[in-house]
There are 4 protein chains.
Amino acid sequence: MVDGGDPANSAPRTGGRVRSSAARDEVLNATMALLEEQGYGKITMEGVAARSGVAKSTIYRWWKSKALLVMEAQSEAVARRMPEPDTGSVAEDLTIFASELNRVVEFPQRMEALRGMMADAQLYPDFAGALRDWVQTRRAVVSAILSRGVERGELDADLDVEYATDLIFGPFWYRLLVGHAPLRPDLAGAEIARLLAGFRHPAAD
Amino acid sequence: MVDGGDPANSAPRTGGRVRSSAARDEVLNATMALLEEQGYGKITMEGVAARSGVAKSTIYRWWKSKALLVMEAQSEAVARRMPEPDTGSVAEDLTIFASELNRVVEFPQRMEALRGMMADAQLYPDFAGALRDWVQTRRAVVSAILSRGVERGELDADLDVEYATDLIFGPFWYRLLVGHAPLRPDLAGAEIARLLAGFRHPAAD
Amino acid sequence: MVDGGDPANSAPRTGGRVRSSAARDEVLNATMALLEEQGYGKITMEGVAARSGVAKSTIYRWWKSKALLVMEAQSEAVARRMPEPDTGSVAEDLTIFASELNRVVEFPQRMEALRGMMADAQLYPDFAGALRDWVQTRRAVVSAILSRGVERGELDADLDVEYATDLIFGPFWYRLLVGHAPLRPDLAGAEIARLLAGFRHPAAD
Amino acid sequence: MVDGGDPANSAPRTGGRVRSSAARDEVLNATMALLEEQGYGKITMEGVAARSGVAKSTIYRWWKSKALLVMEAQSEAVARRMPEPDTGSVAEDLTIFASELNRVVEFPQRMEALRGMMADAQLYPDFAGALRDWVQTRRAVVSAILSRGVERGELDADLDVEYATDLIFGPFWYRLLVGHAPLRPDLAGAEIARLLAGFRHPAAD
DNA sequence: ACATAACCGAGACGGTACGTCAGGTCTTGAC
DNA sequence: GTCAAGACCTGACGTACCGTCTCGGTTATGT
């Protein structure tokens, strides 16, 4: 949850009209609808306002930028889709995770959202931190899997877990963003197997 | 070279005033200057026009978008910086390449350019193809190194060269874009060594 | 009053920031100033925006074109200068009116405005109607004078009032636009007298 | 004839390629075609160049502005349509002339041209003189008719011939430009008769 | 016959202004 | 205190034509 997520937290409230949860829902729904229909690049705050029937000033009150708005609109769905497998086998855990990761290809509007959010993180420094925080929560899952593997002796004790985590997410984002090759949930297992071969043996020279 | 790059190619010239190479140079210089001073996100076509003294309409005549303009402004410098090592050793070749790749960290405005171009590729479909083409030229270098390694028997014959190439570039871009960890030219050798351990042996299960 | 003239009319207002009368005044003043200093032909929406300190989009919100803007800027002053004499004598009424009409020659920027508006009416069909409406309000004054003359028996009952009105305004505009002869407020009486001689007697053959 | 009209006059010519009459004709034809199809306001030098297949620079060599171009494109046709009646009767002469004048209503593109030229005369001082000169040639015809009438004693010796001429042309242009009433060739006779009633008798007061 | 000179096409160039879009802020009155 | 409405300033967009300026190439002379 990034901002304005929960209408019943923050300051101690001293009186006055309460935040309209209807307005919040309308905004998030309109955002998802526009994301699906026109893509991230064509979403505008003005468009969301018009579509949702919520005033622009109200939207700005709760979300500082388009990127934060999309992030929240996405977050629940994405959160639900982030498995934290712990089967006792690194290979199995990673395969489950990577398959699920690549399965985003089946939800075009989520791909759109990921690509657009990554774009905005480059263009608006304010948002970069928010995206980084969100990315870290996902990295943590993989790092945990790998650490458990090291502890259990499945993986080389010298393994750089952070870099290994990048080897899981890096190619995913790279393909997602460049589009030179499709994401293949079905091949995740084979790719993980190849990677693990390297993680098991100490690096040569 | 992306567009309007070479004033002396394309159509056979049947008449008409010749393209001003001075104007071209002024525009590219102004673009690089603005990139360095203010960052990709603050570059505007209008700003480039003002800075370069070249009319906006002339800029639009040769470059359809900011992203294509930056890409060309970058391309020569980057091209010069893209080594194509062929030492006879995959490990050595890849280490040279990856070190150089990560060395972009020493040139902040080039990092800015790479990040901005990747962002625009997400937001403007017209540009995505151009970026993809450019990316392919860089992938080709790594693919060639790996293919030579397979031929020479240094690497497993079953190696998926395209995916292996993604394992070189993916983490690079991922770190560049997310910023969760720094790029480390000095560690490139160790990371490559770890990767190659996996490429040498057939995948396990 | 042509458009956006009165900030307190139109829709019943259900909310929203109220129109800034300061902005409106600044725009109209800037328009008149530019008209006087540089002439109608050199007025631009951008120039008015710069001069007035009001945003271009705000100007476009209230006036669709330069011509409508000038028309409104002029209208109050002109309205004040449009007498509706009713002395009981057609000759006297018309002489008063025609003298005043030709007196525009003493206000060069108003001449400029009239000429420019007539020009734009030719070039932009959207504006032609607006100008025609405005012209009709002025014609109505003369038509009324003539009609009263017919009723009183001062003028021939067969007189075509509309055409007679054109005989008042036609030469005025013709001289104003072509510039082959000056406008002469002092000669208006003599010209009217000549005209009336024809209006009193039925047409010959 | 305004400019570049006759390809065989001006400087004594000592050699060099001769002006292409084909190019001249193409330009004039294209101008008339665009005038008819899209109206004066949408004619552009660039459009004429594209339509005619003649280079923009060639057009500018021979015609300094759109207005001069249209004037020449029109001039031959209009010249042919300008009668100089001399029947011995002022009423008859003027009726012939005025009927023909109003007959322009049957040729929409000529109306367009007249309206557009008058507009440009307001906006571009350089052109105002050219239009005025052309207008004078037409006024001269009417003035001559009236002067003959005065000499023959048909009209009052005190008649201001110039103003009387304005009474013929003024209402014509006024209606043409404002569009509040149609031009009526068939009513020209009646209107002239009414006017002449005033011209015959000395002005009253 | 051949140099001279003016013409012509093509099209790039520096400009100016256009009219539009979206951003983000502010003001108002209703709830 | 929040909300819908909507006016406001700001900045940049991408386009259209303007009138000028090279270019390369084409014709008529006139010596």
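In this text, all values refer to a predicted model and were calculated from it rather than measured experimentally. First the proteins, then the strands, lettered A, B, ... as listed; each starts at 1.
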If you assign each of B:A23 and C:S65 to its closest nucleotide in DNA chain E, which residue comes earlier from the 5' end? B:A23

Between C:R19 and F:dG6, is there a side-chain N or O to OP1/OP2 distance below 4.0 Å? no

Considering just the side-chain nitrogens and oxygens of B:T58, establish if one lies under 4.0 Å of OP1 or OP2 belonging to E:dG14. yes

Separation of [N] [atom2] from [X] [atom1] (nearest whole Å):
X	N	atom1	atom2	result
A:M45	E:dT25	CE	C1'	13 Å
C:W62	F:dG6	CH2	P	11 Å
B:K64	F:dT15	NZ	C1'	13 Å
C:R51	E:dA17	CZ	P	15 Å
D:F127	F:dC18	CZ	P	15 Å
B:Y124	F:dC13	OH	C1'	10 Å
D:I59	F:dG19	CD1	C1'	12 Å
A:E46	F:dA4	CD	P	15 Å

Which listed nucleotide ([options]) is nearest to the side chain of [X]?
X	options	answer
C:Y60	E:dG9, E:dC13, E:dG19	E:dG19
A:R61	F:dC3, F:dA7, E:dC8	F:dC3
B:T44	F:dA12, E:dG23, E:dC13	F:dA12

By the 4.0 Å heavy-atom rule, please label D:G53 as base, sugar-phosphate, or nothing.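 Answer is sugar-phosphate: D:G53 comes under 4.0 Å of backbone atoms only.
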
Taking N and O atoms by type only, does the side chain of [X] place a donor or acceptor under 3.5 Å from a partner on the base of [N]?
X	N	result
D:R17	E:dC7	yes
A:K56	E:dG24	yes
D:S57	E:dA10	yes

Quick one: CG on B:L177 to CZ on B:R115, what's the gap to the nearest 0.5 Å?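 That separation rounds to 7.0 Å.
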
Rounded to the nearest 0.5 Å, how far does NZ of C:K66 lie from OH of C:Y40?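 It is 5.0 Å, given to the nearest 0.5 Å.
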
Heavy-atom side-chain proximity of D:K42 to D:L34 below 4.5 angstrom: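 Not touching, per the 4.5 Å side-chain cut-off.
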
Nearest nucleotide by nearest heavy atom, which residue falls closer to the 5' end of DNA chain F, C:V54 or D:K42? C:V54

Is the backbone N or O of A:E36 less than 3.5 Å from a side-chain atom of A:E112, with the two atoms forming a donor-acceptor pair by type? no

Can we say D:E72 and D:R24 salt-bridge, meaning some charged N sits less than 4.0 Å from an Asp/Glu carboxylate O? yes

